Amino acid sequence: MNNIKITLPDGSENEYPAGTTLIEIAKGISPRLGKEALVAKVNGQLMDMGSPIKKDASVEFLTFEDEEGKQVYRHSTSHVMAQAVQKLFPGVKFAIGPAINDGFYYDFDVIDTFTPDDLAKIEKEMEAIIKANLPFERFELPRPQALALFEESGQNYKVELIEDLPDDAILSFYRQGDFTDLCAGPHIPSTGRLRAVKLLNVAGAYWRGSEKNKMLQRIYGVSFPKKAMLDEYLFRIEEAKRRDHRKLGAELDLFSIQDEGPGFPFFHPRGMILRNELEKYWREEHQKRGYQEIRTPIILNRALWEQSGHWDHYRENMYFTKIDEADYAVKPMNCPGSIMVYNNRLHSYRELPIRLAELGLVHRHEMSGVLHGLMRVRCFTQDDAHIFMLPHQVREEITGVIDMIDDFYKVFGFSYHVELSTKPEKAMGADEIWELATGALRDALEAGGLNYKVNEGDGAFYGPKIDFHLEDSLGRTWQCGTIQLDFLMPEKFNLSYVGEDGQKHRPVMIHRVVFGSIERFIGILTEHYAGAFPAWLAPVQARVIPITDRHAGYAREVVGRLDKDGIRVDLDARSEKINYKIREAQAQKIPYMLVIGDKEVDHCAVAVRHRVRGDLGAIPIGEFEEKLLEEIRVKAY
RNA sequence: GCCACUAUAGCUCAGUAGGUAGAGCGCAUCCUUGGUAAGGAUGAGGUCACCGGUUCAAUCCCGGUUAGUGGCUCCA
């Protein structure tokens with residue numbers, strides 16, 4: 001028998017008889033690898049561990065430590081779940097069951113709805129399947145047999161999937177025990193490799209993700225090779241709940257959303273401090289960068305929205321009203337208003353670019369099911385700006401905005417990723433214009449050396465966009481900043497500037513936001529900092545805590561002095577024990593607590609306690625004040 | 001909008017085989033004057049989300065509405 005040569009990632013080579021399986025090779029390298037390897041990459045291609053190798057190849061074994069190993073592990077778990085469901089719910093129809101970010105899901109079509117009790121039963125059944133250590137067996141079928149297999153068993157979703165595969169596709173199947181599924185694979189060697197599985201929740205999900213299709217029942221779950229990893233995952237979920245901006249927003253008295261206005265948040269005094277600080281910073285930065293601030297009306301005539309294209313493309317998201325018999329709309333976007341300002345007089349090419357910024361309150365009718373705290377609301381303030389410019393200024397302006405957004409996010413310590421969104425289905429304008437605009441955005445991204453992913457069909461109806469996505473505490477990402485290049489609105493509104501030649505020309509327009517919406521940004525900030533806002537944003541920056549009533553006089557002096565210098569300070573002069581008052585200040589995540597007793601009164605000092613660093617000892621009041629003002633000035637966090 | 005679940009005091013949650021409810025925290029008053037995460041006593045707070053049905057009787061059972069939660073779809 002021939003020998004073949006196997007090359008490992010470290011460059012070492014070994015010879016094996018042709019036809020040796022991957023699992024045997026792994027075991028030969030080390031027993032531990034034999035136990036931990038889930039799949040292998042053979043010449044860059046993922047394969048089952050049971051596959052025999054017949055030719056020379058480079059082989060890399062993947063475990064749960066590898067991203068692709070994780071994917072396979074989770075995907076195999078979804079098959080085990082499907083097998084359990086098949087046993088407990090005869091007649092169930094299977095849709096799809098992929099691995100996802102943290103775990104896996106499988107979509108089922110069943111008559112009864114799954115209850116939490118059912119999940120427990122399914123989990124139990126899964127444990128039995130895992131214990132039985134059933135091998136995952138791969139086999140292939142020609143198309144007619146494959147179709148027959150699923151038609152016979154009434155698996156119409158699988159039939160549909162097969163019909164949509166190209167004619168020359170290899171139809172592979174995986175079987176463990178009495179469960180067989182259409183699947184490209186690969187899979188782990190056997191069900192016994194699974195350890196810690198937990199089913200999390202049931203949710204409705206449309207077949208193929210379209211709301212026109214039937215809604216199926218999706219079960220989400222997670223799966224790990226070690227119990228400790230599952231525990232850690234569950235702990236992370238709990239931690240995320242503690243950081244939830246909706247919970248913290250109520251506890252810290254930042255905002256509320258009430259039945260009288262679903263999706264329309266109320267900002268409380270403390271929340272307004274946050275907002276105002278963000279806006280102050282925003283105004284400073286925009287002034288520095290040559291923006292001029294405007295404010296445009298919230299309600300404008302319907303004719304304007306017909307002209308802008310919103311009437312045709314955005315109507316179902318808009319609110320309407322009547323004034324003196326005429327139709328008006330509440331603005332869902334600020335661009336038409338900004339355009340009205342630009343168009344109010346003639347502009348010379350010498351003036352361009354003109355950067356008009358607006359903290360604009362927009363209203364959008366979002367579907368009731370999508371509302372989510374401050375992250376998804378029905379009215380929000382966009383930190384908008386529209387840049388009107390000459391065609392050759394596009395690149396520089398886009399780069400300027402990209403830099404600005406980066407500067408902003410750095411201040412908060414955010415990491416983000418960038419996406420380029422292209423022409424959507426419900427778009428306005430010709431393909432050539434879209435290609436031109438999309439190309440310009442791509443050029444700017446590449447010139448800036450930014451990594452980005454392309455998000456097909458996700459652009460605005462009037463133009464493609466660059467999106468900046470921030471992560472929240474649950475690892476969900478939220479679109480915040482966007483840059484949209486628009487050749488269409490200038491057309492629709494007949495925008496012009498007078499060029500060097502004395503003729504009228506068409507300017508190009510950029511729409512952009514940095515925070516995105518102030519509301520959403522505050523939600524993300526709250527979770528990011530777990531409510532412990534850096535001093536420059538903290539609604540209360542310092543709390544003065546006298547130990548007994550006889551220290552209250554001096555405490556009031558301290559408060560007066562700090563307050564005079566613009567520090568947000570309050571006083572807790574209640575006749576409570578100091579432990580109690582400190583506990584409360586800690587719970588409210590106030591950055592500094594200034595404890596005042598006899599010693600501090602004698603020395604004109606304050607005993608400083610920081611919410612994280614703890615007791616910092618007594619220092620002269622002036623010294624504390626100086627340090628805090630500096631911390632605020634540099635926006636330290 | 002769709003699927004599932006939920007709604008009891010300001011907050012977190014008990015509770016009733018159907019007979020109009022209870023704890024802890026918070027709040028108020030008093031006592032306590034205490035050096036870095038809960039001192040004590042007393043007290044006030046609820047049309048049990050809303051509308052209808054079944055019943056002698058509904059917070060509880062049934063239907064609907066509204067809102068919230070987790071997803072799906074959609075989005076800043």
Side-chain angles (χ1 to χ4, degrees), chain A residues 105 107 113-116 118 200-220 241 244 246-247 250-251 253 256-263 314 316-317 332-333 360 362 364-384 421 424 426 458 460 465 467-470 474 478-482 484 511 513-521 523-524 545-552 574-587 593-600 607-611 614-618:
Chain A
Y105 68 77
D107 286 346
T113 57
F114 294 123
T115 65
D118 291 334
L200 299 173
N201 49 14
V202 190
Y206 299 106
W207 166 236
R208 302 205 142 171
S210 166
E211 59 185 329
K212 293 187 184 83
N213 291 338
K214 179 164 186 182
M215 183 161 271
L216 309 172
Q217 291 189 68
R218 174 173 298 177
I219 301 179
Y220 284 94
K241 276 188 196 153
D244 192 313
R246 292 166 300 185
K247 189 175 159 62
E251 281 171 11
D253 200 15
S256 60
I257 298 176
Q258 317 203 19
D259 287 2
E260 288 74 4
Y314 211 73
E316 67 278 18
N317 279 303
M333 295 186 195
V362 297
R364 296 183 184 176
H365 181 240
E366 300 291 349
M367 289 195 288
S368 58
V370 306
L371 302 177
H372 181 89
L374 289 181
M375 303 291 205
R376 198 68 190 276
V377 290
R378 283 179 171 154
C379 78
F380 56 98
T381 307
Q382 291 185 304
D383 63 317
D384 219 338
S421 295
K426 281 180 67 181
D458 210 34
K465 55 182 185 172
D467 299 325
F468 293 76
H469 295 253
L470 298 179
L474 275 166
W478 295 94
Q479 189 183 312
C480 290
T482 79
Q484 308 174 352
H511 312 238
V513 288
V514 181
F515 292 138
S517 101
I518 308 277
E519 289 76 5
R520 175 177 290 183
F521 201 78
I524 293 172
I545 303 177
I547 290 175
T548 75
D549 292 349
R550 69 176 178 280
H551 307 116
R574 293 175 303 172
S575 53
E576 289 292 349
K577 284 199 165 187
I578 182 153
N579 284 334
Y580 183 86
K581 294 199 236 184
I582 289 207
R583 181 186 147 82
E584 198 155 284
Q586 285 284 156
M593 288 150 266
L594 306 177
V595 176
I596 287 172
D598 290 336
K599 281 179 276 181
E600 287 73 27
V608 180
R609 178 191 167 95
H610 183 264
R611 65 183 168 204
D615 191 349
L616 302 178

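Labels below follow one simple rule: chain letters A, B, ... track the order of the sequence lines, proteins then strands, and each chain is numbered from 1. Below, all heavy atoms of this structure are taken into account, side chains as well, without hydrogens, waters or symmetry copies. Here the structure is a predicted model, which means the values were calculated and not measured.
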Rounded off to whole Å, could you give me the [atom1]-to-[atom2] distance for the [X] and [N] pair?
X      : N     : atom1 : atom2 : result
A:R376 : B:G1  : CZ    : P     : 14 Å
A:E366 : B:U73 : CD    : P     : 15 Å
A:K241 : B:U12 : NZ    : P     : 14 Å
A:I545 : B:A38 : CD1   : P     : 13 Å
A:R246 : B:U69 : CZ    : P     : 5 Å
A:I219 : B:G71 : CD1   : C1'   : 13 Å

[X]: salt bridge (Lys or Arg N to Asp or Glu O under 4.0 Å) partners, not counting sequence neighbours:
X      : answer
A:K214 : A:D109
A:E260 : none
A:K247 : A:E251
A:D598 : A:R550

>> I'd like to know if A:R378 reaches the base of B:C75 with its side chain, counting only an N/O donor and acceptor under 3.5 Å.
In response: no

>> Looking at the base of B:G35, is there any donor atom on it, or on the side chain of A:E600, that sits under 3.5 Å from an acceptor on the other one?
In response: yes

Tell me what [X] touches on the nucleic acid: a base, only sugar-phosphate, or nothing, going by heavy atoms under 4.0 Å.
X      : value
A:G209 : sugar-phosphate
A:D598 : base
A:K465 : sugar-phosphate
A:V377 : base
A:N579 : sugar-phosphate
A:A607 : base

Got a list of protein N/O to nucleotides 43-52 of chain B N/O distances below 3.5 Å?
none

> Partners of A:S517 by side-chain contact (heavy atoms from CB on, under 4.5 Å), sequence neighbours excluded?
Replying inline: A:F380, A:E519, A:R520

>> List the residues meeting side-chain contact (heavy atoms from CB on, under 4.5 Å) with A:I547, not counting sequence neighbours, and say none if there are none.
In response: A:H551, A:I578, A:V595

> For nucleotides 2-11 of chain B, read 5' to 3', which letter fits each nucleotide if B means a protein heavy atom sits under 4.0 Å from the base, S means only the sugar-phosphate is that close, and - means neither?
Replying inline: BBS-------

> Can you give one letter per nucleotide of nucleotides 26-34 of chain B, going 5' to 3': B for a protein heavy atom under 4.0 Å from the base, S for sugar-phosphate only, - for none?
Replying inline: SS----BBB

> When you check the gap from the basic side-chain N to the acidic O, do A:R364 and A:E316 get nearer than 4.0 Å?
Replying inline: no

> How should the glycosidic conformation of B:G63 be described, syn or anti, under the criterion that syn lies within 90° of 0?
Replying inline: anti

> Taking for each residue the nucleotide of RNA chain B with the nearest heavy atom, is it A:E519 or A:Q586 whose nucleotide lies nearer the 5' end?
Replying inline: A:Q586

> Start at the 5' end of RNA chain B and walk down; is the nucleotide closest to A:D259 or to A:I582 reached first?
Replying inline: A:I582

>> Which nucleotide wins on minimum distance to the side chain of A:N201, given the candidates B:A76, B:G70, B:U36?
In response: B:G70

>> What does the 5'-to-3' dot-bracket notation of RNA chain B look like when only Watson-Crick and G-U wobble pairs under 3.5 Å count, and pairs to other strands show as |?
In response: (((((((..((((.....[..)))).(((((.......))))).....(((((..]....))))))))))))....

>> Is the shortest side-chain heavy-atom distance between A:I524 and A:W478 below 4.5 Å?
In response: yes

> Any salt bridge (charged side-chain N to carboxylate O under 4.0 Å, His left out) pairs touching residues 372-384 of chain A, not counting sequence neighbours?
Replying inline: A:E366-A:R376

> A:E576: what forms a side chain to side chain donor-acceptor pair (under 3.5 Å) with it, not counting sequence neighbours?
Replying inline: none

> Counting distance only, does the side-chain N/O of A:K581 pair as donor-acceptor with the main-chain N or O of A:R574 below 3.5 Å?
Replying inline: yes

